[in-house]
Amino acid sequence: MKYINAEKINNLLTDAAKFDRRRLDQILDKARSLKRLTLAESAALLSVKDPQDLQKIFAAASFVKDAIYGRRVVLFAPLYISNLCANNCLYCAFKADNLALKRKALAIPEIGEQAEWLLKRGHKRILMVCGEKAPAGKSGVSYYTEAVQAIYSAGSGKDKIKRVNINCAPLSIDEFKQLKASGIGTYQIFQETYHEQTYRLMHPSGPKSDPDNRITAVDRAFKAGIDDIGIGALFGLYDYRFETLGLLSHVEHMEEEFKVGPHTISVPRIEPAEGSLISLNPPCKITDEEFKKIVAVLRLSVPYTGIIMSTRENPALRDSLLSLGVSQVSAGSNTSPGGYSAARAAAGGQFSLGDTRSLDEIVGTLIAHDYIPSFCAACYRMERTGESFMELARPGTIKGKCNMNALITLQEYLYDFASAPVKAAGQKMIDRYFKALAPADQEKLKIFFAHVAQGKRDEYV
Ligand code: SAM
Ligand code: SF4
């Protein structure tokens, strides 16, 4: 597979098993100074098994998470627009051979309705998701761009979706240019597995069966001018240590070639999917402890990147992963096209969800754990994407802005959507964080809060 040196990864993993505790402390000291780790250092951390040493890694990851991102956690909802697919990924319910699945590609007005439904609950950021087959009469990219426009057009006045990210199949440079012109935020694509043999086994037919066409999609997106790119691996297909080093090799390639690393890294774990035996019994199933280690090692290895946790994880684990490095979570999610507004009539979903809490419940849980729920899209609005985002994120400068914007957007949510208990808890949180700010920041924030009280929305520093 392009950009992935499997032999080097295997050698690093073999060498890593021999390392001692003094080296662990050195690596963690380096990570705490917010420096990127080398592949060998990340391999060493991945090989740690001793519970006390693991606790050290977790503590360092919490430190780095807090230093770069502060207490804010960004919330988003996936919007599945179609489950038509030409591929046969063995782990996915949307695979072409799953003849039992009820198929549907939402019509453009239906996509707008789904966005309206999410807007009414307070969502501001959407991840648009779809299978790799366009509905009749459309090309993939024309369907996507119309869908993006429908989502941005949904709602009225100040009640609009602020950012549409997209997770879709690889495109050509020209098609990526059209996608960029439609106003997308991040383009997300998961390599699924960085182990070539496993990749070929898991993707027996369809355009996705070519691993190089998939891994080079990131390069084509960059060349088309999309500089916020999200990568990921589907954990459970192959050894998690190899996959994590595969992800980090991909990061190195992006940094070398485009001077910009991934805006986000996603860490989905295989969930049970209708019609997929492999999803019920994944070949390399990871434990919760291993999963926590993966998140912590990614946070320490690439401090500037956002780490996304999907709704796939159960509430207890998801809450504990937040402290280790996760900076974005999905909330109140549904994986069926049309599933939000017509749950019973909806088409088949992609996998079953570990977390069925509503957005309001998740906002309440975040507040209870002292995380500031954020609906901010300021970086995107101010064109702080790609390299200019990285410049702020690398030294941790983004944190001050993120926390202030999180407080402003939380205040908006409390006025417009929160239930009474969440409103009370959220207000207490805002007051507490406000008091801890420097006087100059308090003055700034006072003005924003006055605007929010007057009905202004979507303000940011
Ligand atoms: N079809 C496009 C593709 O595969 O790139 C984009 C959408 S696909 C629905 C998004 C992601 O869902 C895939 O990249 C894969 O990682 C994830 N996925 C598929 N089956 C899954 C399962 N059973 N459990 C968890 N995640 C799964
Ligand atoms: Fe299709 Fe994506 Fe599912 Fe594979 S993972 S079957 S490409 S929707």
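We count ligands from 1, going down the list as the structure has it; atoms in each ligand are counted the same way. A quick note: this is a predicted structure, and the numbers were derived from the prediction, not measured.
- Numbered from 1 in the order shown, with element, the atoms of ligand 1 that lie under 4.0 Å from a heavy atom of Cys130 read 1 (N), 2 (C), 6 (C), 7 (C).
- A salt bridge does not link Asp97 with Lys95: none of the charged nitrogens is closer than 4.0 Å to a carboxylate oxygen.
- Proximity annotation for atom 26 (N) of ligand 1: of Leu234, Leu127, Ile189, Leu234 comes nearest, heavy atoms only.
- Salt bridge annotation for Arg269-Asp288: present, with a cationic side-chain nitrogen under 4.0 angstrom from a carboxylate oxygen.
- Within a 6.0 Å radius of CZ in Phe63, no more than 12 heavy atoms belonging to other residues, nucleotides or ligands are found.
- With a 4.0 Å heavy-atom cut-off, ligand 1 is reached by no atom of Cys85.
- Here the two rings, on Tyr91 and His203, have centers that are under 6.0 Å apart.
- Of all the atoms in ligand 2, the ones that sit under 4.0 Å from a non-hydrogen atom of Cys85 are 1 (Fe), 6 (S), 7 (S), 8 (S).
- When each of Lys124, Lys120, Arg121, Arg457 is paired with Asp159, the salt bridge (charged side-chain N to carboxylate O under 4.0 Å, His left out) condition holds for Lys124 and for no other.
- Considering backbone and side-chain N/O of Glu192, one or more are found under 3.5 Å from N/O of ligand 1.
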Applying side-chain contact (heavy atoms from CB on, under 4.5 Å), run through Lys30 and Thr38 and close with a yes or a no. CA-CA 11 Å; Lys30 179 178 173 187; Thr38 62; 4.1 Å; yes
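- Near Val129, meaning under 4.0 Å from any of its heavy atoms, are these atoms of ligand 1: 7 (C), 9 (C).
- Heavy-atom contacts of Arg214 reach the following atoms of ligand 1: 3 (C), 4 (O), 5 (O), 14 (O) (cutoff under 4.0 Å).
- Salt-bridge formation is not detected for the pair Lys293/Glu289: no Lys NZ or Arg NE/NH1/NH2 atom is positioned less than 4.0 Å from an Asp or Glu carboxylate oxygen.
- Residue contact check: Lys208 has heavy atoms under 4.0 Å from atoms 2 (Fe), 4 (Fe), 5 (S), 7 (S) of ligand 2.
- Those atoms of ligand 2 that come under 4.0 Å of a heavy atom in Gly131, given as number and element, are 8 (S).
- Residue contacts with ligand 1, taken as heavy atom pairs separated by less than 4.0 Å, involve Ala273 solely via side-chain atoms from C-beta onward.
- With a 4.0 Å heavy-atom cut-off, ligand 2 is reached by no atom of His203.
- Checked by distance only, ligand 1 and Pro272 stay at 3.5 Å or farther apart across all their nitrogen or oxygen atoms.
- Those atoms of ligand 1 that come under 4.0 Å of a heavy atom in Lys208, given as number and element, are 3 (C), 4 (O).
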Test Met202 against Glu192 for side-chain contact (heavy atoms from CB on, under 4.5 Å), laying out the working first. CA-CA 9 Å; Met202 292 294 156; Glu192 321 295 12; over 6 Å; no
Before you tell me yes or no, could you show the steps for Met254 and Ile231 under side-chain contact (heavy atoms from CB on, under 4.5 Å), namely the whole-Å CA-CA distance, both residues' side-chain angles and the distance that decides it to 0.1 Å? CA-CA 11 Å; Met254 291 167 76; Ile231 60 171; 4.1 Å; yes
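- Annotation: the span from Cys89 atom SG to Tyr199 atom OH amounts to 7.0 Å, rounded to 0.5 Å.
- The side-chain contact (heavy atoms from CB on, under 4.5 Å) with Pro337 is formed by just one residue from the set Ile81, Leu106, Leu79, Ile111; it is Leu106.
- Counting only non-hydrogen atoms, the option in Gln191, Glu274, Glu271 that gets closest to atom 24 (N) of ligand 1 is Glu271.
- Taking each of Ser82, Cys92, Cys130 in turn, the one with a heavy atom nearest to atom 3 (Fe) of ligand 2 proves to be Cys92.
- Judged by the shortest distance from any of its heavy atoms, Pro170 lies outside the 4.0 Å radius around the atoms of ligand 1.
- Closest to atom 20 (N) of ligand 1 by heavy atom, among Tyr91, Phe235, Phe94, is Tyr91.
- Across all non-hydrogen atoms, the minimal contact from Ile161 to Tyr152 is O-CD2, 3.6 Å.
- Numbered from 1 in the order shown, with element, the atoms of ligand 1 that lie under 4.0 Å from a heavy atom of Arg269 read 24 (N), 25 (C).
- Among the atoms of Cys89, none of the N, O or S atoms falls under 2.8 Å from atom 1 (Fe) of ligand 2.
- None of Phe222, Phe176, Tyr144 except one satisfies the ring-ring contact (aromatic ring centres under 6.0 Å, His included) rule with Tyr187; the exception is Phe176.
- For ligand 2, the atoms closer than 4.0 angstrom to any heavy atom of Lys95 are 6 (S).
- In this structure, Ile270 counts as a contact residue of ligand 1, since one of its heavy atoms falls inside 4.0 Å of the ligand.
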